[in-house]
Amino acid sequence: MDTGEQEELARDKLLERLLPEEPCAGEAGAGPGEFASRLAPGEDPPGCGELRAAHAGSEVALYGWIQRRRDHGGLLFIDLRDRTGLVQLVFNSEGDRELFAAAESLRSEYVIAVRGEVVRRDPDNVNPALKTGEIEVRVKSLEILNCSKTPPFYIEDGLQVDENLRLRYRYLDLRRPENYRRLEMRHRMVKLIRDHLDSCGFLEIETPMLTRSTPEGARDYLVPSRTSPGSFYALPQSPQLFKQLLMAAGVERYFQIARCFRDEDLRADRQPEFTQIDIEISFLGRERLFAIIEGMMARLFGNLLGRELSLPFPRLTYREAMDRFGSDKPDLRFGMELVDCSEPARESEFKIFRAALEKGGVVKALRVPGKGGASRKEIDDLVKLAVEFGAGGLAWMIREEEGWRSPIAKFFSPALLGRIGERTEAAPGDLLLFAAGDAALCSEVLGRLRLHLAPEELSPEPHFLWVVDFPLFEYDAAEKRLSSAHHPFTAPHEEDLHLLEKDPLAVRSQAYDLVLNGVELGSGSNRIHRREIQMQIFKILGLSEAEAMEKFSFLLEAFEYGVPPHGGIALGLDRLAALFTGDDSIRQVIAFPKTAAGSCLLTGAPAPVEPKQLRELGIAVRSASKDGGPGR
RNA sequence: GGAGCUGUGGUGUAGCGGUUAACAUGCCGGCCUGUCACGCCGGAGAUCGCGGGUUCAAUUCCCGUCAGCUCCGCCA
């Protein structure tokens with residue numbers, strides 16, 4: 001036993017003397033105590049942070065945690081914290097001596113209940129930094145509801161503590177007011193979303209968490225079945241198939257605040273389990289859905305951030321987005337659009353450009369305003385970056401008051417340079433970056449450079465955007481086959497149906513993404529609702545008829561019983577919430593997040609299980625993995 | 001799977017091939033009747049993430065490993 005624990009015990013003894021009745025009663029509802037009964041029906045009393053000068057003269061009961069103690073010997077101040085804020089309690093040694101002794105025993109994070117009188121402070125003693133700074137509470141009775149060890153970190157906003165530690169003591173971390181506000185923001189968002197969708201005629205319906213593993217997509221989290229040894233459930237990557245079946249069931253408008261699971265490596269904006277606002281609608285298609293989502297965003301931004309959105313949101317096709325911004329989720333808060341310079345480049349003497357064009361490629365430019373003063377090293381770093389992004393190289397030109405500075409300018413006639421200047425709208429002091437080669441690669445590389453070189457000051461206005469007409473398939477180089485760009489249930493674009501067989505990569509889909517400030521908030525599509533087209537898609541994806549029937553017979557069968565045309569979208573609630581709270585990581589807006597390795601530092605999950613449990617499941621573990629549990 | 005960054009009293013940091021491992025804060029004790037990040041005085045508290053190597057000597061240099069974070073791959 002260390003000295004800390006001994007001190008702890010000594011303090012407990014002291015409290016027992018001072019407070020004979022359950023000094024550290026842990027369980028709420030431990031008898032109908034004086035204070036517990038006060039919480040009974042009727043209205044809630046004002047919280048600590050809600051007391052104002054108007055309450056002066058009234059008697060209040062307060063419950064909360066000790067934020068801070070300022071002991072002046074004969075006079076003792078306590079900042080009492082609950083979720084509403086802080087209020088100062090005063091204990092005076094000239095009053096009740098037993099009460100004062102009890103107050104002296106209080107320490108950080110003790111949970112107490114007090115009764116006392118709200119009094120105005122002398123004008124000299126007002127604390128303008130505190131919302132409750134005009135008053136204080138003269139305590140008449142005190143009950144210690146629970147003691148606390150000294151917390152490993154101080155409970156206050158803006159603290160810089162190792163995330164490791166905060167996650168291990170997440171319940172303490174969450175006591176910090178800014179974290180309460182995060183939880184509250186998320187709650188408000190979900191409430192508004194429910195209200196909005198309800199008013200649009202949607203039904204919230206829960207779908208199974210234990211479902212079957214399906215091919216395509218992310219790695220599944222598997223759950224072994226006890227009753228069918230050797231068989232597994234999968235946790236849903238999304239409720240995709242169930243919501244389509246709900247359309248088959250005639251629900252017409254479904255939504256769910258749905259937990260989803262994907263066993264992939266994590267990022268600041270990716271957790272193994274996350275929440276989607278999952279929506280599906282029959283008959284009315286994309287336009288109606290867009291309007292519903294736009295209305296939802298307007299409600300959220302209006303109510304929670306006081307921002308009015310201009311509706312409807314602009315749209316770009318996937319092709320346009322890639323051509324102009326080099327991204328399928330362009331950040332429209334700034335310009336710097338990519339410009340095709342193939343035509344003047346073709347007439348230049350620059351061999352690299354001409355070779356790229358002769359192979360059917362393009363030459364594209366990114367204009368970086370005011371970056372003409374960049375040092376040689378800065379430019380070299382950009383070239384390095386471009387190569388990292390997959391480019392063969394990066395050419396550059398700087399527009400000067402008179403003429404151009406560039407290692408490649410000599411390959412261009414003054415007339416050609418003039419045309420490039422016109423196309424790119426280059427002004428003196430601007431830097432032009434050129435990529436040459438495959439069109440998609442050039443766009444992507446310049447698109448990433450565009451983000452890298454984005455202005456520091458960005459428009460505070462939210463810039464929403466629908467990106468539509470995504471390709472239906474993409475080529476999976478690892479698997480050497482086609483895979484769905486969105487998912488296998490996405491309907492092909494009607495106009496491109498004839499291309500399915502001969503040029504599937506050219507087929508556009510009816511899929512779309514909602515993008516905000518360069519962040520993909522969600523994606524959706526009109527779905528296939530005809531069995532033969534679904535089978536055709538499966539076939540192109542390399543799924544035989546037998547496999548398709550084995551994995552998806554339930555869906556294909558449903559298609560034989562009159563499924564309405566339908567479509568829907570799933571929006572990432574965590575990302576949206578992080579955006580609203582101004583956080584970089586979605587961990588901040590998840591009550592109990594996991595680390596980048598997928599472990600929970602609070603509970604120690606994932607952890608080994610008892611051999612008996614494995615036997616019941618018919619599972620043998622081949623090699624004990626590491627140690628199990630987080631390092632502490 | 002790959003790369004980078006981080007790891008020193010409870011917490012946040014400093015430090016250096018040989019230190020009594022420094023500072024702040026917190027904690028404990030004492031004093032204090034108007035503080036509000038109270039103040040003053042005193043005290044306790046660290047095998048420098050873990051393992052190995054180099055060296056007369058490693059918290060410091062090297063290798064490995066673990067944990068956390070960030071990024072690439074991956075994420076229909």
Side-chain angles (χ1 to χ4, degrees), chain A residues 2-4 6-8 10-11 67-80 86-95 100 107-109 121-130 132-133 136 149-156 158-169 172 214-220 237-238 240-241 260-272 274 388-390 448 470 472-474 476-479 482-490 509 511 520 523 525 537 541 570 572 584-585 587 594-597 599 601 626-627 629-632:
Chain A
D2 65 30
T3 50
Q6 283 168 3
E7 283 157 11
E8 214 71 51
R11 190 182 303 150
Q67 178 70 24
R68 193 165 240 127
R69 188 180 67 131
R70 286 179 296 279
D71 185 351
H72 287 240
L75 191 65
L76 183 64
F77 299 102
I78 298 280
D79 287 340
L80 187 66
L86 290 180
V87 71
Q88 173 166 281
L89 310 180
V90 196
F91 294 87
N92 197 316
S93 60
E94 285 170 8
F100 192 79
R107 292 294 181 276
S108 282
E109 299 308 310
R121 300 192 191 185
D122 285 344
D124 298 350
N125 292 331
V126 164
N127 182 358
L130 225 54
T132 58
E136 62 195 9
K149 289 168 77 169
T150 300
F153 50 84
Y154 197 67
I155 310 296
E156 70 181 345
L159 89 172
Q160 297 291 318
V161 179
D162 187 41
E163 194 161 356
N164 227 326
L165 195 72
R166 281 170 38 204
L167 289 179
R168 202 179 135 195
Y169 296 97
L172 295 180
T214 52
E216 295 273 318
R219 202 174 291 118
D220 283 318
Q237 295 179 26
S238 87
Q240 183 60 36
L241 292 170
C260 304
F261 305 84
R262 291 176 192 177
D263 186 5
E264 296 292 346
D265 287 346
L266 308 182
R267 289 282 191 287
D269 61 352
R270 288 193 337 225
Q271 283 271 302
F274 59 99
E388 263 174 52
F389 293 159
R448 290 172 77 166
F470 273 77
L472 188 61
F473 301 107
E474 54 198 23
D476 184 334
E479 302 268 324
L482 295 179
S483 67
S484 293
H486 185 50
H487 59 54
F489 317 105
T490 303
S509 72
E520 182 202 315
S523 60
S525 65
I537 299 293
L541 291 172
D584 293 329
S585 165
R587 285 192 302 277
K594 295 189 172 55
T595 69
S599 63
L601 297 181
K626 291 175 199 162
D627 225 358
R632 294 204 164 166

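Predicted model only: the values in this text are computed from it and were never measured. Worth knowing before you read on, the calculation uses all heavy atoms, side chains too, and leaves out hydrogens, waters and symmetry mates. Chain naming here is simple, since letters A, B, ... match the order of the sequence lines and numbering starts at 1 in each.
The CD1 atom of A:I155 sits 15 Å away from the C1' atom of B:U25 (whole-angstrom rounding). Regarding A:E109, its CD atom lies at a distance of 14 Å from the P atom of B:G26, rounded to whole Å. Whole-Å rounding puts the A:D584 CG to B:C69 P distance at 14 Å. Taking atom CG of A:L159 as the reference point, atom P of B:G26 lies 14 Å away to the nearest angstrom.
Ion pairing between a basic and an acidic side chain is recognised when a charged N comes within 4.0 Å of a carboxylate O; A:R270 and A:D265 show no such pairing. With respect to the salt-bridge test (charged N to carboxylate O, under 4.0 angstrom), the residues A:E109 and A:K149 do not qualify.
At distances below 3.5 Å, not a single donor-acceptor pair connects side-chain atoms of A:S599 with backbone N or O atoms of A:L601. A donor-acceptor pair is defined here as one N or O able to donate and one able to accept, closer than 3.5 Å; no such pair exists between the side chain of A:S108 and the backbone of A:T150. Under a 3.5 Å cut-off, the side chain of A:S525 and the backbone N or O of A:T490 do not form any donor-acceptor pair. Between the side chain of A:N127 and the backbone N or O of A:A129, at least one donor-acceptor pair lies under 3.5 Å. When atom types are taken as modelled, the side chain of A:H487 and the backbone of A:F489 share a donor-acceptor pair closer than 3.5 angstrom.
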Protein-nucleotides 1-3 of chain B N/O pairs under 3.5 Å:
| from | atom 1 | to | atom 2 | distance (Å) |
| --- | --- | --- | --- | --- |
| B:G1 | O6 | A:D265 | OD2 | 3.3 |

Atom pairs, protein N/O to nucleotides 5-14 of chain B N/O, distance under 3.5 Å:
| from | atom 1 | to | atom 2 | distance (Å) |
| --- | --- | --- | --- | --- |
| B:G10 | O2' | A:P152 | O | 3.2 |
| B:U11 | O4' | A:P152 | O | 3.2 |
| B:G12 | OP1 | A:D162 | N | 2.7 |

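Phosphate proximity of B:C28 to A:R107: present, with a side-chain N or O under 4.0 Å from OP1 or OP2.
Side-chain N/O atoms of A:R219 and A:Q237 include no donor and acceptor closer than 3.5 Å.
One can find a donor-acceptor pair under 3.5 Å joining the base of B:C75 and the side-chain atoms of A:R270.
Checking B:C69 for Watson-Crick or G-U wobble geometry (two distances, each under 3.5 Å) identifies B:G4 as its partner.
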Reading nucleotides 31-40 of chain B from the 5' end, what letters show protein touch, with B for base, S for backbone sugar-phosphate only, - for no heavy atom under 4.0 Å?
-> -BBBBBSB--

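Backbone-only contact: A:T595 has heavy atoms under 4.0 Å from sugar-phosphate atoms and none from a base. As judged by a 4.0 angstrom heavy-atom cut-off over every strand, A:S238 is placed among the base-contacting residues.
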